[in-house]
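Data first, discussion second: the structure below is written as structure tokens.
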Amino acid sequence: MSGRTTALTPPADAGPPVRHPEAPAPGEIIGSHYEHCFGCGGGQPHGLHLETRAGEGVSVTAEFRVKEAHQGAPGLAHGGVLATALDETLGGLGWLLRVIAVTGRLETDFVRPVPVGTVLHLEAEAVAVHGRKIYCTATGRIGGPEGPVAVHADAVFVEVKIDHFIENGRKEEIQAALADPDQVKVARAFEVNP
């Protein structure tokens, strides 16, 4: 595990994260929050296409297959893509807490190379909540869920209102998402990442 910086260490008066009573059940697929999301959306040909599942407590798991389009050095995953996979997995924790949250800080440690063709087994967990801040951690392993750690991240997500997206997003996409008659899809479109 990485050495946390002060900004990533929950304050002494932080509370434990509490799984919402209406959160997806352990093992249930959380699903894509937005079709065009690079991390989880099916509408991005070179996206990560993560499929996140609810875990026990306030945790989630996901798998990411590293494809040729995701490489940095020849035959190896790009570090930024690996950080994105961790970030996207961490974003799934909001569904268990039933809050809209965006990444405030993400500190990533790259422990070992991840070759193209590898399935990265990801797990994220919320560890504390303080006001609008959610302190969490994620790990990516190769060779299986108990395999060696390849990447690790500590993060702080910040709870926001839907206005964050409406005021800052590109108007065409915001209007299209808000106009969808499926209100569940509207709510899901605005749930993670700035």
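Hydrogens, waters and symmetry mates play no part in the numbers below; they use all other heavy atoms, side chains included.
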Rounded to the nearest 0.5 angstrom, the CD1-CG distance for Ile134 and Leu90 is 10.5 Å
Residues at least two apart in sequence or cross-chain that pass side-chain hydrogen bond (donor to acceptor under 3.5 Å, both in side chains) with Thr108, listed by chain then number, are none
When rounded to the nearest 0.5 Å, the distance separating CG of Asp154 from CG of Asp109 is 7.5 Å
d(Leu93 CG, Ser59 OG) to nearest 0.5 Å is 7.5 Å
- Task: Say whether Leu86 and Val119 are linked into one hydrophobic cluster, either directly or through other cluster members, by side-chain heavy-atom distances under 4.5 angstrom.
- Result: no
Exercise answer: donor-acceptor pairs, residues 66-80 side-chain atoms, under 3.5 Å, sequence neighbours excluded:
from	atom 1	to	atom 2	distance (Å)
His70	ND1	Lys67	N	3.0
His70	NE2	His46	O	3.0
His70	NE2	Gly47	O	3.3
Gln71	OE1	Gly75	N	2.7
Gln71	NE2	Glu68	O	3.1
His78	ND1	Gly80	N	2.8

Just list the side-chain donor-acceptor pairs under 3.5 Å for residues 10-29, sequence neighbours left out, or say none.
from	atom 1	to	atom 2	distance (Å)
Asp13	OD1	His130	NE2	3.0
Asp13	OD2	His130	NE2	3.4
Arg19	NH1	Gly55	O	2.8
Arg19	NH1	Gly57	O	2.4
Arg19	NH2	Pro24	O	2.4
His20	ND1	Glu22	N	2.9
Glu28	OE1	Ala25	N	3.2

field: Leu96 reachable from Val99 in the ILVMFWY side-chain graph, under 4.5 Å edges
entry: yes
List, one per line, each side-chain donor-acceptor pair under 3.5 Å for residues 120-128, sequence neighbours excluded.
from	atom 1	to	atom 2	distance (Å)
His121	ND1	Glu63	OE2	3.4

Contacts of Arg53 meeting salt bridge (charged side-chain N to carboxylate O under 4.0 Å, His left out) (sequence neighbours excluded), chain-then-number -> Glu51
One should read off an interatomic distance between Asp87 CG and Phe157 CZ, to the nearest 0.5 angstrom, of 4.5 Å
dist Leu82:CG -> Phe64:CZ (nearest 0.5 Å) comes out at 6.5 Å
